[in-house]
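In what follows, chains carry the letters A, B, and so on, assigned in the order in which the sequence lines appear, proteins first and then strands, with residues in each chain numbered from 1. All values below come from the heavy atoms of this structure, side chains included, with hydrogens, waters and symmetry mates left out.
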Amino acid sequence: MDRILQCADLEKKFGDRHAVRDVGFEIGTGETYGLLGPNGAGKTTSISMICGLLARDGGSVTVDGRPIDVNTVEAKRAIGYVPQDLAIYPDLTARENLVFFGRLYGMDKAVLKARVDEVLEVIQLTDRAGDQTKEFSGGMKRRLNIGIGLLHRPKLLVLDEPTVGVDPQSRNAILSSVEHLSDEGMAVLYTTHYMEEAERLCDRVGIIDEGSIKAEGTRRELVTLVGQSDKVMLGANGHLEPAAADMARVPGVETASVFDGGIEVIVDRAAAVLPALISAASARDVVIRSVEVAQPDLEAVFLHLTGKALRE
Amino acid sequence: MASAWIIAMKDLRLRIRDRSLVIFGILVPLGLTLILTQIIGPAFSGGFDPQYGIVDLDDGPIAAAIEEALTSQGWETVDYASQSDAGAAIDDGSIDAAFVVPAGFIESAQTGAPTNLIVLGNPDATISTLIAESIARSFAARVGAVQLAVAGGVVAGLGDAATLVGPAQGLAAQPDAISIVPSETGTRQLDPISYYAVGMATFFLFFTVQAGVVSILEERQDGTLVRLLTAPISHMHVLVGKSLASMLTGLLSVFVLVVASTLLLGADWGGPVGVVVLAVAGVMAAMGVGLAVSSFARNAEQAGQFTSIVAVVLGLLGGVFFPLSQASDTFAVVSRFSPHYWLLRGFGDNAGAGNLVDVGQSAAMVLIFASVFIVIGYLRRNRLEATA
């Protein structure tokens, strides 16, 4: 997998305050990397340096093998940037917005026309292409905001909290669009403070807080880092105590205990042991009414690493 | 530079689409030209057409001489039988001022006895009254000269007063040894329509052009500047593109005003070369002021306020609303620090007897002004682009 983005030791100070310190990560072709952290953690400052919007005080950034800073021109062609705030012209139509930014990226007229039609299709705005965007709903504006970033087929697409303030339907549409991007081989850097988005979209996640990356890896690697196991909650009737004792002897089960109305079992991997747990219950004539599996999530990881919740 | 052109065309489309260019760049200045010409125009130029009354109670040559002095300027005179008749005419607005030559005036002049030449004035026509007073003083001075010559002749034993009056009057009638000839100011005087067409075009040019410059801050506020700065174009191209759009809107506004005021109002702007030179210089000055002033603002609203204040002050200082001929000497000197002053002067030269060298000198002064502010704006450009 080719490395599209490589950044290392990024540092930015505002006065005496370190906004970002020692931030570094890499993203490969077709990979979606999430920067997960609360507001003010340093996500936007980091990507501003990566996109050459903000001068850095230390570190390095290369995109598609070429260094990036605020004075870079050509190398920026490899980047598509979708800012957190809407960056579209309300008095221009959706098509005019796309054409304007496409021309800034030097796209050939014929290629641009075809690509604009294609992007309008992707962001589901084909039938509103000729309308001024000030008439659009918030979700439509958000989709156009993303469409402009995609237009020139960047090798690296940077999305800064693209679903903030978006209704659930539009949010789902945006997440679906991003999921398809990695299929097309695009490297995606996605910042969010929504744990569910990071879990759904990202191949790897960097957990950022107070300007530095606290941990990085796949979801499972991060969960392992915390050391939590899956929790299986069996709603059941019958002789629960002997059944729980049998379950505790199943390989992969750490503990099994009775609670009011069922049995709670802590296991390494729920999917691997669930059939054995159900067999053990049947052997003791225990009737299972419900099964609920709770896996440790990135919220728990963040809490473990920083001592605070993501949305604090 | 293709990217700068793309940005400029986008801005131009937005300015036309939101109608601000048409309203503030064309309709408002054209309308104000028409209004100001009707209200203030007659007070200061070729439209000045006072009417004077003359009451000749002396039945001598003085009233005829005053009438001749007035009619030689193309001003109308009306004879009245009494001072009260003339006063009534002033009150009802039929005339602006009146001269009353009292009975025995010429006899007093010959004998050296004290006498009065009376001027009646309309308080609403101060300029006409001031002119009447000035003419009366001039006649009084000549009468005084005759009296002095007669008295001197009598003392010197050259003859009695009756024989000396004739030669003394002849001497007093001689042309002045020193005469003042109006020169350059005459070439710079525009007629009211042209004056206000030029004045309003210049005044609103600053608003039109500066609105374009302020749009950098609007883009910063709206988030689109971030997107421009992440595109593969240099920051300078963004600044050049925005400036180019400002220039084009400014020039478009001036040229539409030139054509419209000429065809609809009969304004005279002079030769096209001078108009183009001065319009470009004016646009550059407006752009420079806009860039420099905006760089001190925290946001687009504040920049809009700052640039409007500066445009109004420079406009007033430069005489776009009132001719500087009516201003104090100090104000006249201070006004030279306004680009509007030089633009009005340049357009005056262009429409009058001035040549392209005169126009070029005014344009050069405007460009010096523009350069100073463009440099300030350029040095502070990071303030305009700051995305934080």
Side-chain angles (χ1 to χ4, degrees), chain A residues 12 14-15 19 44-45 47-55 63 66 68-93 96-97 99-107 112 132-134 141 144-145 148-149 151-152 154 156-158 160, chain B residues 1-24 211-212 214-242 244-245 248-249 299-300 378 381-388:
Chain A
K12 184 67 190 176
F14 294 114
T44 300
T45 303
I47 62 171
S48 293
M49 288 188 281
I50 289 167
C51 293
L53 269 174
L54 190 63
V63 175
R66 296 207 275 188
I68 295 272
D69 62 38
V70 285
N71 296 314
T72 305
V73 174
E74 272 307 305
K76 285 183 180 172
R77 208 175 289 279
I79 303 174
Y81 177 52
V82 180
Q84 182 174 348
D85 296 321
L86 291 171
I88 57 178
Y89 295 101
D91 286 329
L92 295 184
T93 66
E96 285 169 343
N97 267 286
V99 168
F100 168 68
F101 285 108
R103 291 185 68 199
L104 280 188
Y105 279 82
M107 293 178 74
L112 177 59
Q132 291 184 0
T133 60
K134 61 186 172 192
K141 288 176 184 172
L144 178 61
N145 202 35
I148 293 168
L151 185 70
H152 63 288
L156 171 69
L157 181 69
V158 179
D160 189 7
Chain B
M1 288 301 282
S3 50
W5 182 251
I6 293 166
I7 291 170
M9 288 299 102
K10 181 266 298 172
D11 275 14
L12 202 56
R13 174 179 286 186
L14 289 175
R15 295 294 304 282
I16 291 170
R17 196 166 280 180
D18 72 7
R19 299 187 184 93
S20 63
L21 176 61
V22 176
I23 293 170
F24 292 104
V214 169
S215 73
I216 297 178
L217 292 171
E218 286 170 352
E219 293 227 24
R220 189 176 84 182
Q221 220 159 290
D222 295 345
T224 44
L225 183 64
V226 164
R227 199 152 229 163
L228 294 181
L229 296 179
T230 51
I233 58 175
S234 79
H235 293 198
M236 184 52 71
H237 284 181
V238 175
L239 202 59
V240 171
K242 306 297 285 184
L244 197 58
L248 290 172
T249 52
N299 52 47
Y378 178 77
R381 68 189 183 284
N382 289 341
R383 289 263 310 170
L384 292 170
E385 292 174 357
T387 54

request  = Under 4.5 Å heavy-atom distance to chain B, tell me which part of A/Asp85 shows up: side chain, backbone, both or neither.
outcome  = neither
key: Structural part of A/Gln132 lying under 4.5 Å from a heavy atom of chain B   = side chain
message = Looking at every non-hydrogen atom in both residues, tell me the closest pair between B/Val214 and B/Ala300 and how far apart they are.
response = CG1-O, 3.7 Å
key: Region of A/Asn97 that comes under 4.5 Å of a non-hydrogen atom in chain B   = neither
remark   = The interface call for A/Ile148 against chain B, heavy-atom contacts under 4.5 Å, is both
ask   = Tell me, do A/Val82 and A/Val158 make a side-chain contact under 4.5 Å, heavy atoms counted?
value = no
query = In Å and rounded to the nearest 0.5 Å, what is the CD1 to OG1 distance from A/Ile88 to A/Thr93?
reply = 11.0 Å
request  = Side chain from CB out, backbone as N, CA, C, O: work out which of these in A/Leu104 comes under 4.5 Å of a heavy atom of chain B, or both, or neither.
outcome  = both
inquiry  = I'd like to know whether A/Tyr89 forms a side-chain hydrogen bond (donor to acceptor under 3.5 Å, both in side chains) with A/Glu96, so could you lay out the CA-CA distance, the side-chain angles of the two residues, the decisive distance to 0.1 Å, and finally the verdict.
reply    = CA-CA 9 Å; A/Tyr89 295 101; A/Glu96 285 169 343; over 6 Å; no
query = Looking at residues at least two apart in the chain, or sitting in another chain, which of them share a ring pair (Phe, Tyr, Trp, His ring centres under 6.0 Å) with A/His152?
reply = A/Tyr105
ask   = Does the side-chain hydrogen bond (donor to acceptor under 3.5 Å, both in side chains) test come out yes or no for A/Lys76 and B/Thr230, once each step is laid out?
value = CA-CA 7 Å; A/Lys76 285 183 180 172; B/Thr230 51; over 6 Å; no
task = Would you mind checking which part of B/Asp18 comes under 4.5 Å of any heavy atom in chain A, side chain (CB onward), backbone (N, CA, C, O), both or neither?
result = side chain
ask   = Quick one: what part of B/Ile233 sits under 4.5 Å from any heavy atom of chain A, side chain, backbone, both or neither?
value = both
